[in-house]
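All heavy atoms count here, side chains included; hydrogens, waters and symmetry mates do not.
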Amino acid sequence: MGSTLYHIGFSRDDLGSNPPTLALLSGDPERAYQIADQYLENVQRLSENRGLHSYWGVLPNGCPILSATSGMGAPSLSIVVNELVQIGIKKIIRIGTCGSIQDHVKTGSIVISQAALCRQGAANDIAPIEYPASADPFLTVALVQAAKELELTHHLGITASVDTFYEGQERTDSANPTLLRSLQNITEEYRALNILNYEMEAGTLFKMAGVYHFAAACVCGVLAQRTRHEQIDLDHKDLAIDSAIRVAILTAQNCE
């Protein structure tokens with residue numbers, strides 16, 4: 001009998017005789033619920049422990065899957081991913097949101113990360129700074145193919161994964177208008193390196209995948225166009241999130 005994992009709040013035994021090996025991981029617990037409610041069948045709530053909502057369900061093709069919450073940021077994600085691997089998960093697709101730092105990456109579109117520039121403290125506890133933060137190539141190609149099949153505007157490239165939403169992404173419209181000198185003009189530097197977007201979890205997820213021996217990929221809806229302003233584009237928010245979810249669901253169906 002498997003024991004309940006402390007943070008996610010369930011065990012391998014709770015997954016039944018045909019346990020899922022793929023998890024869709026969202027930072028927002030409401031998104032995890034949305035995926036389960038709108039796209040899965042025979043849904044069972046596994047846990048809502050500590051706000052880390054997890055749901056078991058079945059894809060339209062009959063394959064079991066998890067829709068789970070990672071929480072915001074790499075430290076929370078690292079705990080959830082570690083425990084998901086302990087209960088038998090072999091593939092993880094992160095469904096997130098992000099801010100574009102390139103003119104051609106518009107709000108409402110999606111970014112599929114092939115790798116990450118990883119500036120995250122949690123990742124440094126997993127592997128050295130030099131350890132590559134790269135997505136699984138097969139799962140990533142499957143995301144691109146799904147986006148093409150759904151005829152959704154998508155971009156494939158490198159993501160900047162950072163620990164903070166405000167300072168780390170060079171936002172000055174916050175409680176702290178004064179940035180460290182090391183962060184001033186960093187977005188311009190990243191733009192010149194052909195980095196597409198900012199987000200807060202993929203780099204650590206990718207490093208964990210390499211160390212823990214599972215496949216990881218990431219698709220994010222673009223909510224902000226940082227070449228223009230810092231604010232979230234609420235008019236395109238739902239489109240961006242829905243597109244990312246649809247791509248991940250189709251990929252999961254094709255991979256299982």
Side-chain angles (χ1 to χ4, degrees), residues 2 4-5 7-72 76-77 79-81 83-97 110 112 135-136 138-140 142-152 154 201-202 205 209 214-221 237-256:
T4 296
L5 277 298
H7 298 91
I8 60 175
F10 61 93
S11 72
R12 186 190 294 256
D13 291 342
D14 294 316
L15 303 179
S17 59
N18 184 24
T21 59
L22 190 152
L24 301 180
L25 197 60
S26 305
D28 182 356
E30 293 301 320
R31 190 179 312 133
Y33 172 76
Q34 177 186 354
I35 292 167
D37 183 58
Q38 296 182 9
Y39 293 92
L40 305 183
E41 301 170 0
N42 302 323
V43 174
Q44 299 177 27
R45 184 183 66 185
L46 294 170
S47 175
E48 292 184 351
N49 186 48
R50 292 170 170 254
L52 299 173
H53 298 191
S54 298
Y55 306 92
W56 179 97
V58 179
L59 292 164
N61 65 359
C63 291
I65 193 170
L66 287 185
S67 178
T69 310
S70 68
M72 288 190 290
S76 179
L77 173 135
I79 296 169
V80 172
V81 168
E83 295 186 1
L84 288 178
V85 172
Q86 290 185 58
I87 56 96
I89 293 299
K90 302 296 184 184
K91 298 177 184 177
I92 294 176
I93 300 175
R94 165 165 152 71
I95 305 172
T97 57
I110 60 173
I112 298 167
D136 180 81
F138 303 103
L139 205 50
T140 302
L143 286 172
V144 173
Q145 291 174 336
K148 290 180 177 179
E149 184 175 336
L150 294 169
E151 299 182 341
L152 296 172
H154 61 282
E201 289 88 11
L205 174 65
F214 67 90
C218 177
V219 55
C220 288
K237 178 181 177 182
D238 290 344
L239 170 64
I241 293 173
D242 183 65
S243 295
I245 292 173
R246 291 173 61 203
V247 165
I249 288 290
L250 182 56
T251 299
Q253 291 184 130
N254 292 336
C255 287
E256 285 295 305

Enquirer: Under the side-chain contact (heavy atoms from CB on, under 4.5 Å) rule, what do Ile93 and Leu25 come out as? Steps first, then yes or no, please.
Expert: CA-CA 6 Å; Ile93 300 175; Leu25 197 60; over 6 Å; no

Enquirer: Is any side-chain heavy atom of Thr4 closer than 4.5 Å to a side-chain heavy atom of Asp13?
Expert: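 In short, these two side chains do not touch, never coming nearer than 4.5 Å.
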
Enquirer: Look up atom SG in Cys220 and atom CD1 in Ile110, then write down how far apart they are to the nearest 0.5 Å.
Expert: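 Spacing of SG (Cys220) from CD1 (Ile110) equals 9.5 Å.
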
Enquirer: Are the side chains of Ser26 and Thr69 in contact, using a 4.5 Å heavy-atom criterion?
Expert: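 Side chain of Thr69 against side chain of Ser26, heavy atoms only: no contact under 4.5 Å found.
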
Enquirer: Donor-acceptor check, side chain of Ser70 to backbone of Leu77, threshold 3.5 angstrom: yes or no?
Expert: no

Enquirer: Could you tell me whether the side chain of Thr140 reaches within less than 4.5 Å of the side chain of Ile112, counting heavy atoms only?
Expert: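 They are in side-chain contact.
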
Enquirer: Looking at Ser47 and Asn49, would you say the former's side chain and the latter's main chain have a donor-acceptor pair under 3.5 Å?
Expert: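 Pair found, side chain donor or acceptor close to backbone of Asn49.
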
Enquirer: Taking all heavy atoms of Val43 and all of Ala36, pick out the closest pair and write down the distance.
Expert: CG2-O, 3.2 Å

Enquirer: How long is the straight-line distance from CG of Leu15 back to CG of Leu66, given to the nearest 0.5 Å?
Expert: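 Between Leu66 CG and Leu15 CG, I get 6.0 Å after rounding to 0.5 Å.
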
Enquirer: For Gly71 and Glu201, work out which heavy atoms get closest and say how close.
Expert: O-OE2, 3.9 Å

Enquirer: So, using ring pair (Phe, Tyr, Trp, His ring centres under 6.0 Å) as the criterion, who are the partners of Tyr33 when residues are at least two apart?
Expert: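 Once residues adjacent in sequence are excluded, the partners of Tyr33 under the ring pair (Phe, Tyr, Trp, His ring centres under 6.0 Å) criterion are Tyr55.
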
Enquirer: Between the side chain of Ser243 and the main-chain N/O of Leu239, is any donor-acceptor distance below 3.5 Å?
Expert: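 Yes; at least one donor-acceptor contact below 3.5 Å.
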
Enquirer: Is the backbone of Leu5 close enough, under 3.5 Å, to the side chain of Gln86 for a donor and an acceptor to pair up by distance?
Expert: no

Enquirer: What I'd like to find out is whether the side chain of Thr21 reaches to under 4.5 Å of the side chain of Ile65, using heavy atoms alone.
Expert: no

Enquirer: Ignoring hydrogens, what is the shortest heavy-atom contact between Ser76 and Leu52? Give both atom names and the distance.
Expert: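 Nearest pair, atom of Ser76 first, then Leu52: OG-CD2, 4.2 Å.
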
Enquirer: Nearest 0.5 Å, please: how far is OG1 in Thr97 from NZ in Lys237?
Expert: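 So the gap between those two atoms works out to 8.0 Å.
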
Enquirer: Ignoring hydrogens, what is the shortest heavy-atom contact between Ala202 and Cys218? Give both atom names and the distance.
Expert: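 Where Ala202 meets Cys218 most closely, the heavy atoms are CB-SG, 4.0 Å.
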
Enquirer: So which pairs with a foot in residues 33-53 pass salt bridge (Lys or Arg N to Asp or Glu O under 4.0 Å), sequence neighbours left out?
Expert: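 Found Arg45-Glu48.
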
Enquirer: Run the side-chain contact (heavy atoms from CB on, under 4.5 Å) test on Ile245 and Gln34 for me, step by step, so that the C-alpha distance in whole Å, both residues' side-chain angles and the decisive distance to 0.1 Å come before the verdict.
Expert: CA-CA 9 Å; Ile245 292 173; Gln34 177 186 354; 3.8 Å; yes

Enquirer: Can you check side-chain contact (heavy atoms from CB on, under 4.5 Å) on Phe214 and Leu22, steps first, answer last?
Expert: CA-CA 10 Å; Phe214 67 90; Leu22 190 152; over 6 Å; no

Enquirer: Which atoms form the tightest heavy-atom contact between Ala216 and Ala209, and what is the distance?
Expert: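 Closest heavy-atom pair between Ala216 and Ala209: CB-CB, 3.6 Å.
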
Enquirer: Report the distance from atom CD1 of Ile89 to atom CD1 of Ile8, rounding to the nearest 0.5 Å.
Expert: 8.5 Å

Enquirer: Might you point out which heavy atoms bring Arg94 and Gly27 nearest each other, and give the distance in Å?
Expert: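 Scanning both residues completely, I find the closest heavy atoms to be NH1-N, 4.3 Å.
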
Enquirer: Checking Asp28 now: which residues fulfil side-chain hydrogen bond (donor to acceptor under 3.5 Å, both in side chains) with it, not counting sequence neighbours?
Expert: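 Expected list: none.
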
Enquirer: Kindly indicate, with the supporting measurements, whether the criterion side-chain contact (heavy atoms from CB on, under 4.5 Å) is fulfilled by Leu143 and Leu250.
Expert: CA-CA 8 Å; Leu143 286 172; Leu250 182 56; over 6 Å; no

Enquirer: Please report the interatomic distance CZ(Arg12) to CD(Glu83), rounded to the nearest 0.5 Å.
Expert: 13.0 Å

Enquirer: Could you tell me if the side chain of Trp56 sits less than 4.5 Å from the side chain of Leu40, heavy atoms only?
Expert: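 Heavy-atom side-chain distance check fails, nothing below 4.5 Å.
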
Enquirer: Is there a side-chain contact between Pro60 and Gln253, using heavy atoms and a 4.5 Å cut-off?
Expert: yes

Enquirer: Using a 3.5 Å distance criterion without hydrogens, assess whether the side chain of Arg31 forms a donor-acceptor pair with backbone atoms of Ile95.
Expert: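 Yes.
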
Enquirer: Give, for atom CG of Leu46 and atom CD of Gln44, the distance between the pair rounded to the nearest 0.5 Å.
Expert: 7.0 Å

